[in-house]
Amino acid sequence: MAREAAGKPPEEILLDWKREQASLKARVVDQDTEAWQLDPAFSGLQRVGGVDVSFVKDDSGSACASLVVLNYPELEVLYEDCRMVTLTAPYVSGFLAFREVSFLVDAVQRLQEREPCLMPQVLFVDGNGVLHHRGFGVACHLGVLTDLPCIGMAKKLLQVDGLKNNALHKEKIQLLKAGGDSFPLMGSSGTVLGRALRSHDHSTKPLYVSVGHKISLEAAVRLTHSCCKFRVPEPVRQADIRSRDYIRRTQEVQGAPDPQSGRSKEAQRPKACPQGVSEEPAGTSKGTSAGGKACPRF
DNA sequence: GCGACAG
DNA sequence: ATCTTGTCGC
């Protein structure tokens with residue numbers, strides 16, 4: 001029988017988790033590693049991904065993990081993967097990755113097997129990167145495990161290392177006048193852990209952006225702004241919408257049809273595949289290592 | 001007892 | 001995260 005996500009884990013487990021975070025943290029790259037990240041218009045960037053996990057209302061063990069891939073700069077959905085999963089670990093602030101990240105890694109691996117050509121060049125993660133109790137949030141964790149550039153994006157300020165959502169912080173938010181405006185989040189250690197970003201002109205509540213892996217904070221903030229049609233970056237927003245929709249469809253009972261059904265006009269069918277790479281003789285692993293479809297560069 | 005608490 | 005409708009505004 002599958003264990004259920006129960007109360008807070010014993011101290012012994014938390015120590016294990018902390019040791020794992022410390023170990024993986026050594027592999028985080030907090031600078032730009034890709035050419036497109038340095039380009040003012042991000043030219044060369046064609047695919048951005050987003051991940052999210054949504055939960056079933058009265059079942060702390062069931063959730064839907066989703067990965068979506070959008071083209072850039074159009075931000076149209078090219079790929080969607082929603083999958084019901086059984087959660088093992090409870091949510092503990094500072095250890096979000098131990099609850100969710102394995103399912104996100106699975107989704108990335110499925111994409112690699114099914115449609116390697118659609119592998120995103122960067123992933124937006126719903127949660128923090130280095131803006132974290134021990135400098136290793138879920139965006140770093142997923143980045144290190146997949147080796148993909150990742151951006152941490154939280155909707156609320158995690159009050160760590162002296163950061164506080166107090167009156168002074170709120171004053172700084174008031175000074176953000178236009179989409180793209182931001183200010184640094186400086187920890188007591190003197191390190192900038194992330195930036196509060198006004199993600200677009202008509203959004204008052206900021207996003208908290210931090211480095212996940214293989215991207216600089218500056219590029220992460222600029223790209224986040226560039227991917228916002230609304231407050232939340234489109235990749236994460238689509239992953240959220242589609243995972244919730246998936247749960248709603250799954251939980252729908254025959255005898256009690258939901259009067260709200262036909263509501264989500266946002267979740268439409270993915271567009272057709274990009275580069276007309278229809279078939280490739282199997283066994284010719286040009287673009288990638290794992291077996292399955294190949295992804296030729298020319 | 002009080003505040004904090006990514007998702 | 002989830003519980004929840006209408007409502008004000010462009």
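Order of the sequence lines fixes the chain letters, A, B, ..., with proteins taken first and strands second; residue numbering starts at 1 for each chain. Computed from a predicted model, the values in this text were never measured in an experiment.
DNA chain B lies under 4.0 Å from at least one heavy atom of each of the following residues of residues 121-136 of chain A: A:Asp126, A:Gly127, A:Asn128, A:His132. The stretch residues 160-191 of chain A does not touch DNA chain B, since none of its heavy atoms comes less than 4.0 Å from the strand. A heavy atom lying under 4.0 Å from DNA chain B marks none of the residues of residues 203-217 of chain A. Contacts between residues 140-150 of chain A and DNA chain B, counted as heavy-atom distances below 4.0 Å, involve no residue at all.
Distance check on atom P: C:dC3 versus B:dA4 gives 25 Å, rounded to whole Å. Across the C1' atoms, C:dT2 and B:dC5 are found 15 Å apart, a figure rounded to whole Å.
Base-pairing analysis of DNA chain C finds no stem of at least three consecutive Watson-Crick or G-U pairs with both pairing distances under 3.5 Å. Consecutive pairing runs in DNA chain B never reach the stem threshold, where a stem means at least three Watson-Crick or G-U wobble pairs with distances under 3.5 Å.
Using a 4.0 Å cut-off between charged nitrogen and carboxylate oxygen, A:Arg110 and A:Glu113 do not count as a salt-bridge pair.
A:His213 contributes a side-chain N or O that, together with a main-chain N or O of A:Val29, makes up a donor-acceptor pair within less than 3.5 Å. Under a 3.5 Å cut-off, the side chain of A:Ser216 and the backbone N or O of A:Gln31 do not form any donor-acceptor pair. A:Arg231 places a side-chain N or O within 3.5 Å of a backbone atom of A:Pro206 that can act as its donor or acceptor partner. A distance-only check finds no donor-acceptor pair linking the side chain of A:Gln46 to the backbone of A:Pro120 [under 3.5 Å]. When atom types are taken as modelled, the side chain of A:Thr191 and the backbone of A:Leu193 share no donor-acceptor pair closer than 3.5 angstrom. For the pair A:Arg47 (side chain) and A:Leu70 (backbone), a donor-acceptor distance under 3.5 Å is absent. Checked by atom type and distance alone, the side chain of A:Ser210 never pairs as donor or acceptor with a backbone atom of A:Gly194 at under 3.5 Å. One N or O on the side chain of A:Lys170 and one on the backbone of A:Asn165 form a donor-acceptor pair closer than 3.5 Å. Not a single donor-acceptor pair under 3.5 Å links the side chain of A:Asp32 to the backbone N or O of A:Glu34.
For the 3.5 Å distance criterion, the side chains of A:Tyr72 and A:Ser226 qualify, holding a donor opposite an acceptor. With 3.5 Å as the limit, one finds no donor-acceptor pair spanning the side chains of A:Asp52 and A:Ser66.
The residue A:Phe95 sits close to a base: some heavy atom pair falls under 4.0 Å. Note on A:Gly152: nothing from the nucleic acid sits closer than 4.0 angstrom, heavy atoms only. Residue contacts for A:Val53: at a heavy-atom cut-off of 4.0 Å it reaches no nucleic acid atom on any strand shown.
Rounding to the nearest 0.5 angstrom, the gap separating the CD atom in A:Gln37 from the CD atom in A:Glu218 is 11.5 Å. Atoms CG and CG, on A:Asp30 and A:Leu217 in that order, are 9.5 Å from each other to the nearest 0.5 Å.
For the pair A:Leu131 and A:Val160, the tightest heavy-atom approach, listed with the atom from each and the gap, is CD1-CG2, 3.9 Å. Of all the heavy atoms in A:Gln121 and A:Trp36, the pair that sits closest is O-CZ2, 3.6 Å.
The aromatic rings of A:Phe98 and A:Phe95 sit tilted, their planes meeting at an angle between 30° and 60°. Between A:His141 and A:Phe136, the ring-plane angle classifies as tilted under the 30° and 60° cut-offs.
Residues forming a side-chain hydrogen bond (donor to acceptor under 3.5 Å, both in side chains) with A:Ser43 (at least two apart in sequence, or on another chain): A:Asp39. By the salt bridge (Lys or Arg N to Asp or Glu O under 4.0 Å) test, A:Arg244 pairs with A:Asp240, sequence neighbours left out. With sequence neighbours left out, A:Lys18 forms a side-chain hydrogen bond (donor to acceptor under 3.5 Å, both in side chains) with no residue at all. With sequence neighbours left out, A:Asp181 forms a salt bridge (Lys or Arg N to Asp or Glu O under 4.0 Å) with no residue at all.
Of all nucleotides in DNA chain B, those with any atom nearer than 4.0 Å to a heavy atom of chain A start and finish, going 5' to 3', at B:dA4 to B:dG7. Note that the first and last nucleotides of DNA chain C, 5' to 3', having any atom under 4.0 angstrom from a heavy atom of chain A are C:dA1 to C:dC3.
Both the sub-6.0 Å distance and the 45° axial angle are satisfied by A:Arg222 relative to the ring of A:Phe42.
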